[in-house]
Amino acid sequence: MSYDFVNIEHKWQTNWETQRTFATPNPGQPGFDPSKPKYYVLDMFPYPSGVGLHVGHPLGYIATDIIARYKRSRGFNVLHPMGYDAFGLPAEQFAVEQGVHPAITTNQNIMNMTRQLKRLGLSYDWERSVATTDPEYYKWTQWIFLQLYDAWFDPFRRMARPIDDLFTELEAGRILVGIEGEAVLSSNTEGVDAVTGLPVGTRKLHELPPAELHAFIDRQRLAYMDEVPVNWCPQLGTVLANEEVTNEGRSERGNFPVYRRPLRQWMLRITAFADRLLEDLDLVDWPAATKMMQRNWIGRSEGASVKFPLGMGASSGLDDELVVFTTRPDTLFGATYMVLSPEHPLIDAISTAEQFHAVNAYRIAAGEKSDVDRIAEAGSGVKSGVFTGAYAINPVNNQPIPIWIADYVLMSYGTGAIMAVPAHDSRDFAFARHFKLPIRPVVMPDDAWLNAHGPREMVGGNPDALRAAYAADPARFDEAFTDHGTAINSNNEELSLDDHGTAQAQAEMIEWLEGNGRGRRHVQYKLRDWLFSRQRYWGEPFPILHDADGTSMAVEESDLPVLLPEMEDFRPAASDDPDAPPQPPLSRAPLAWKQVVREGRTLQREFNTMPQWAGSCWYYLRFLDPRNGERFVSAEAERYWMGGPTAATRDVGAASMADDGTASKADDGSAAMTSAGIESSRAGGHAGSKVSGQVGGVDLYVGGVEHAVLHLLYARFWHKVLFDLGHVSTPEPFARLFNQGYIQAFYYEDARGVRVSAEEIEERDGAFFYQGQPVTRHMGKMGKSLKNAIAPDDICAQYGCDTLRLYEMYLGPLDQSKIWRTADITGVHRFLQRLWRVFVNEDGSLRISDDAPPLDLQRLLHRTIKRVTDAMDNLAFNVAIAALIELNNELVKRYASDEVARTSGRAQIGVPRQIAEPMVLLLAPLAPHIAEELWQKLGHHASLSAEAWPRWEQAFLIEERIEYPVQINGKLKSKISVPSDADDAAIQAAASADEKIAPLIAGMKIKKAIIIKGRMVNLIVG
RNA sequence: GCCCCGGUGGCGAAACUGGCAGACGCACGGCACUUAAAAUGCCGAGACCCGCAAGGGUCGUGCGGGUUCGACUCCCGCCCGGGGCACCA
């Protein structure tokens, strides 16, 4: 009987489903074993695509399945769920293309993808499956949104707290309301009023009219509405988050142009968590590249904010000041001009009449400049700009300096204004040279730099002369000196930085600025708040109601979910016009949905929907308890599967965090660096497994690197809010992250550069043809757009999914990109065929003997167990498969060759059961169907998924004799075989006596013999 | 420009903590079985040189140095490829 994979695989997939083999009980449920440790292994869930899977998609799913099966046999309670991220643009666009309602296409696609995934034999607990579009799911997405809406960020404690606590803080006078309605800490030392002892212009709770109080509270929420410059994509008919816009200023989805435009939108206050999102990366075991991307995205810079009073020419009449952020406060004496971004709001107020025309012309030109132009300009180093006619006063020397505008200063970072220090910033240097602005050196470079960048005629000259030349005119040097050095020209009456190193000078300058109320230490982040609303139909409705007077309020928890209304026309209001107003499709919903009457007042629902990312921010929590109708997840299930610390431990951590936050100067929410709690857990070390043990969370999370910032940053943010509010027990959601590589394949382009179907390519004499026409071959990520996708269904039909699983894992390390070559499948397919044949006779009977296996075979088995086990622990499945092939080759050699069959008589000789059974168990996570079938043939009635992983015994790993390579002066010359218990002297004697070695060392003196037990011998002769 | 990751036979790749480089697979060559092919099994194989042969020698993990008895592995300086960030003050 040959290896009939079609029937075997179908049989076992059906069996697993009907026997509920992989259904995983929660604590307290029947069948739950509390004595076992837990292991939560998770895939990034897919969106249900209309074209289905290609063989690149399951790469990660196969890997997690192998781990899930392996961990089960290692005695863990394994949680391994799968679901669908079904809201969002792709699903909606597919529905629009098909002209079918997205609810229908989404369900069809989910069914198709589930069928495809089940065919791969993946051991998911399908009973836990969720779709983010299910009202029973998005009810809780809305509920979490309300947690954000009903929370604020307490800068004292550096954590999210219920909004009601804000009243407490107002009553206690710890929080005050500032001039512009902003929150001010009473501990703020800046501009304190001499009479009240409080910051100037601030008011306490009882001084506020109710409407202002309401507006103030709304502005503190973690989910708030604000009019901000947003990314507006008219062709998608929606606004987009910064993370969804490419560097070229186009939409990540669809590649449509995106325009910046002020609109009132929902925002989530992720910036409040910037420092914790940054610090806690040290707690998790993630790929270095992914951590790096998150760090870059958060973009933390330490420095100072500095106030520059406006001076001559300023027409505002106010005692205005210009605040800038700098990472180099030590160079303040070198600030010879200032630059505002062209969008800066102060420009109109300060520009002089003579310059107004030029300023306006520049502003318009800058606004029309495309992002591509700006990038090109940045690359070229050419700077454009215009003088406003106004001056500011440099606070350290009271000198007036001109204020320019230029588009190399971005409104979206810092304050949209800079102090320019041309001597020590390359952009300012280029600008100052171009516009002949003064360049004042305030940091002396080292001699090496001066030599490398000085005027040609001075190279190699006297260092003193070079220094003098630099101090006299840095413009003679070919670039700005931007490194640390020694301060010069940096003294005033109260401050002398000269001769101090940069780090010291920075500290002294900040001290001076703070002492004189001219500035303060400041940490700046690139991260901006998360634009959370979309003008699309296929998303979660906001659980928010608006009153006619403009106030908004939360939908009652008991009224959740707010169902997405049935609509025939769900299409977005797409347009080519950048100035077209956003028109959320829900504004066209039936009146019965749009209007809600509460306490006699008619309220209007929010018409925006949530973005794609909302559902994926917390799905890993819903899997823990997917059918819970009372809570988003039960506390018990959450604590068990996420493995968070016990309640007692957590209280200690929270207390220390509060103490530290209170003690530090967390004035603007950015100054407090590290909390004691985080510092101490960080001290636990950097080794992955140790750290993940401490932090809790998903034990292994596998997915593509494309989510390095978007999904992973958003999910961490939500998780931290839920953690602060006491809804989850761990500070981080994903203890260990693994990014699998992509599957690449050849694709083909015809003479016009149009891609043609890779399936229909013919190869002749190394050239490629499509329908007779020559085409060129390229390599790229497998997918629909390159027309090189291969469906797993086809491979399963032809070779079986065990073969597909093995092939994908055997291609190479999981985190690398790999090239798919269907022809190469034959290698692993042969392995399974040979395995089958060595166990099973042609008539289907088993070729197994109950004889004790020979010792050398036992040793090979135990070596294999060790190798496979180590490989599994390292996710090195290619190595595990190689070890199994090697063992199988040995079995074939001994028990299946024609020679053996002829001389011994078939069925008389078979694989010893003591070898066969452990081998089948080792194979089971990788190729589960054939393993189950063989296991059953071996006489077992239950699924092998309940069997324990084979153990290797040290005794079988020890050989009687060890073969030592013998080197002379480090060069391999011979090999000797020595009893494994031989001591060094015996080994050396054997080596010296070896027939190849003896003549080489004859008459020489052995200066030194290096003998590494069990490894090698190296004789040093002279 | 800055940051991260990588570079090992014709190809995909192994190599624990510095200890026999190339396990395992593909492709390839030879042999057996076969009318033949396929399939299957066995054998061979890093490159170069010497030898009829058995065998022997030299070189070899991107390049150049260094540390070490010993380096794919550690250090310094380059080259190439992939990815990320990119006027972020």
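Just so it is clear, the model here is predicted, and its values are computed rather than measured. Just the heavy atoms: all of them, side chains too, but no hydrogens, waters or symmetry mates, feed the values below.
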Original post:
Looking across every strand, which nucleic acid part, if any, lies under 4.0 Å from A:Lys975 by heavy atom: base, sugar-phosphate, or nothing?
Top reply: base
Original post:
Between B:C20 and B:A27, how far is it from one C1' atom to the other, in whole Å?
Top reply: 27 Å
Original post:
Base, sugar-phosphate alone, or nothing: which one does A:Pro813 contact when heavy atoms must sit under 4.0 Å apart?
Top reply: sugar-phosphate
Subject >> Most 5' of A:Gly827 and A:Lys996 on RNA chain B, judged by nearest nucleotide >> reply: A:Gly827
**OP:** Mind checking A:Ile1010 for me? I need base, sugar-phosphate or nothing, with any heavy atom below 4.0 Å counting as a touch.
**Re:** base
**OP:** Could you work out which one of B:C26, B:C4, B:U58 sits closest to the side chain of A:Lys973?
**Re:** B:U58
Original post:
Of all the choices, B:C42, B:A15, B:C11, which nucleotide is nearest to the side chain of A:Val879 once you look at every atom?
Top reply: B:A15
Original post:
Within the structure shown, what part of the strands sits under 4.0 Å from A:Ile1020 by heavy-atom distance: base, sugar-phosphate, or nothing?
Top reply: sugar-phosphate
Original post:
Does A:Tyr810 put a side-chain nitrogen or oxygen below 4.0 Å from OP1 or OP2 of B:G25?
Top reply: no
Subject >> Residue A:Asn1018, side-chain atoms from C-beta onward, closest of B:G41, B:G19, B:C24 >> reply: B:G19
Original post:
NA contact type, A:Asp428, heavy-atom cut-off 4.0 Å: base, sugar-phosphate, or nothing?
Top reply: nothing
**OP:** For B:C43 and B:G25, measure between their P atoms and round to the nearest Å.
**Re:** 12 Å
**OP:** Could you work out which one of B:A89, B:C85, B:C26 sits closest to the side chain of A:Val409?
**Re:** B:A89
Original post:
Does A:Gln816 place a side-chain N or O at less than 4.0 Å from the phosphate oxygens OP1/OP2 of B:A13?
Top reply: yes
**OP:** Rounded to whole angstrom, note down the C1' distance from B:G19 over to B:A71.
**Re:** 10 Å
**OP:** Would you mind classifying the nucleic acid contact of A:Gln833 as base, sugar-phosphate or nothing, using non-hydrogen atoms under 4.0 angstrom?
**Re:** nothing
**OP:** Apply the test ring pair (Phe, Tyr, Trp, His ring centres under 6.0 Å) to residues A:Tyr337 and A:Phe431: give CA-CA distance (whole Å), side-chain angles for both, the deciding distance (0.1 Å), then the verdict.
**Re:** CA-CA 10 Å; A:Tyr337 64 100; A:Phe431 191 86; 5.5 Å; yes
Original post:
For A:Lys383, which contact category applies under a 4.0 Å heavy-atom criterion: base, sugar-phosphate, or nothing?
Top reply: base
Original post:
Among B:G25, B:C26, B:A14, which nucleotide sits nearest the side chain of A:Arg830?
Top reply: B:C26
Original post:
NA contact type, A:Met1016, heavy-atom cut-off 4.0 Å: base, sugar-phosphate, or nothing?
Top reply: base
Original post:
So, is A:Asn889 near the phosphate of B:G25, with a side-chain N or O under 4.0 Å from OP1 or OP2?
Top reply: yes
**OP:** Tell me whether the OP1 or OP2 atom of B:G83 has a side-chain N or O from A:Lys781 closer than 4.0 Å.
**Re:** no
Original post:
Is any side-chain N or O of A:Ser301 closer than 4.0 Å to OP1 or OP2 of B:A89?
Top reply: yes
**OP:** Determine the Euclidean distance between corresponding P atoms of B:G7 and B:U61; express it in Å to zero decimal places.
**Re:** 13 Å
Subject >> Given B:C24, B:C85, B:A13, the nucleotide with the shortest approach to the side chain of A:Glu886 >> reply: B:C24
**OP:** Determine the Euclidean distance between corresponding P atoms of B:G60 and B:G70; express it in Å to zero decimal places.
**Re:** 15 Å
Subject >> Separation between the P atoms of B:C59 and B:A21, rounded to whole Å >> reply: 13 Å
**OP:** Using the P atoms only, state how far B:G62 lies from B:G12, rounded to an integer number of Å.
**Re:** 14 Å
Original post:
Can you tell which of B:C42, B:C3, B:G19 lies closest to the side chain of A:Val892?
Top reply: B:C42
Original post:
Which part of the nucleic acid does A:Ser426 contact within heavy-atom distance under 4.0 Å: base, sugar-phosphate only, or nothing?
Top reply: nothing
**OP:** Return the value, rounded to whole Å, for the distance between atom CZ of A:Arg894 and atom P of B:C42.
**Re:** 13 Å
Original post:
What nucleotide, of B:C69, B:C43, B:A89, holds the atom closest to the side chain of A:Ile418?
Top reply: B:A89
Original post:
With nearest nucleotides of RNA chain B determined for A:Lys526 and A:Gly812 from heavy-atom distances, which residue corresponds to the more 5′ nucleotide?
Top reply: A:Gly812
Original post:
Which listed nucleotide (B:G25, B:C85, B:C59) is nearest to the side chain of A:Asn296?
Top reply: B:C85
Original post:
Quick one: are the ring centres of A:Phe325 and A:His522 less than 6.0 Å apart?
Top reply: yes
Original post:
What does A:Ile1012 touch in the nucleic acid at a heavy-atom separation under 4.0 angstrom: a base, only the sugar-phosphate, or nothing?
Top reply: base
**OP:** Check whether the ring centres of A:Phe477 and A:His453 lie less than 6.0 Å apart, and answer yes or no.
**Re:** no
Original post:
Once you round it to whole Å, what is the distance between C1' of B:C26 and CG of A:Leu806?
Top reply: 15 Å
Original post:
Are side-chain N/O atoms of A:His424 and A:Thr482 paired as donor and acceptor at under 3.5 Å?
Top reply: no
Original post:
How about A:Tyr408 and A:Asp428: does a side-chain donor come under 3.5 Å of a side-chain acceptor?
Top reply: yes
**OP:** Taking the six-membered ring for Trp and the single ring otherwise, decide whether the centroids of A:Trp404 and A:Phe435 are under 6.0 Å apart.
**Re:** yes
Original post:
Pick from A:Phe746, A:Tyr807, A:Tyr742: which one makes a ring pair (Phe, Tyr, Trp, His ring centres under 6.0 Å) with A:Trp820?
Top reply: A:Tyr807
Original post:
Going from OG1 on A:Thr290 to CG on A:Asn739, what distance comes out if it is rounded to the nearest 0.5 angstrom?
Top reply: 4.0 Å
Subject >> Inter-nucleotide P distance (B:U34, B:G29), Å rounded >> reply: 23 Å
Original post:
Hey, are A:Arg961 and A:Ser977 close enough side-chain-wise for a donor-acceptor pair under 3.5 Å?
Top reply: yes
Original post:
According to a strict under-4.0 Å criterion, is A:Arg837 in side-chain N/O contact with OP1 or OP2 of B:G41?
Top reply: yes
Subject >> Glycosidic class, syn or anti, of B:G12 using a 90° window around 0 >> reply: anti
Original post:
At under 4.0 Å between heavy atoms, what does A:Val705 touch on the DNA or RNA strands: base, sugar-phosphate, or nothing?
Top reply: nothing
Original post:
Distance check: side-chain N/O of A:Arg834 vs OP1/OP2 of B:G41, anything under 4.0 Å?
Top reply: yes
Original post:
From the list B:C69, B:G25, B:G19, which nucleotide is the closest neighbour of the side chain of A:Ile885?
Top reply: B:G25
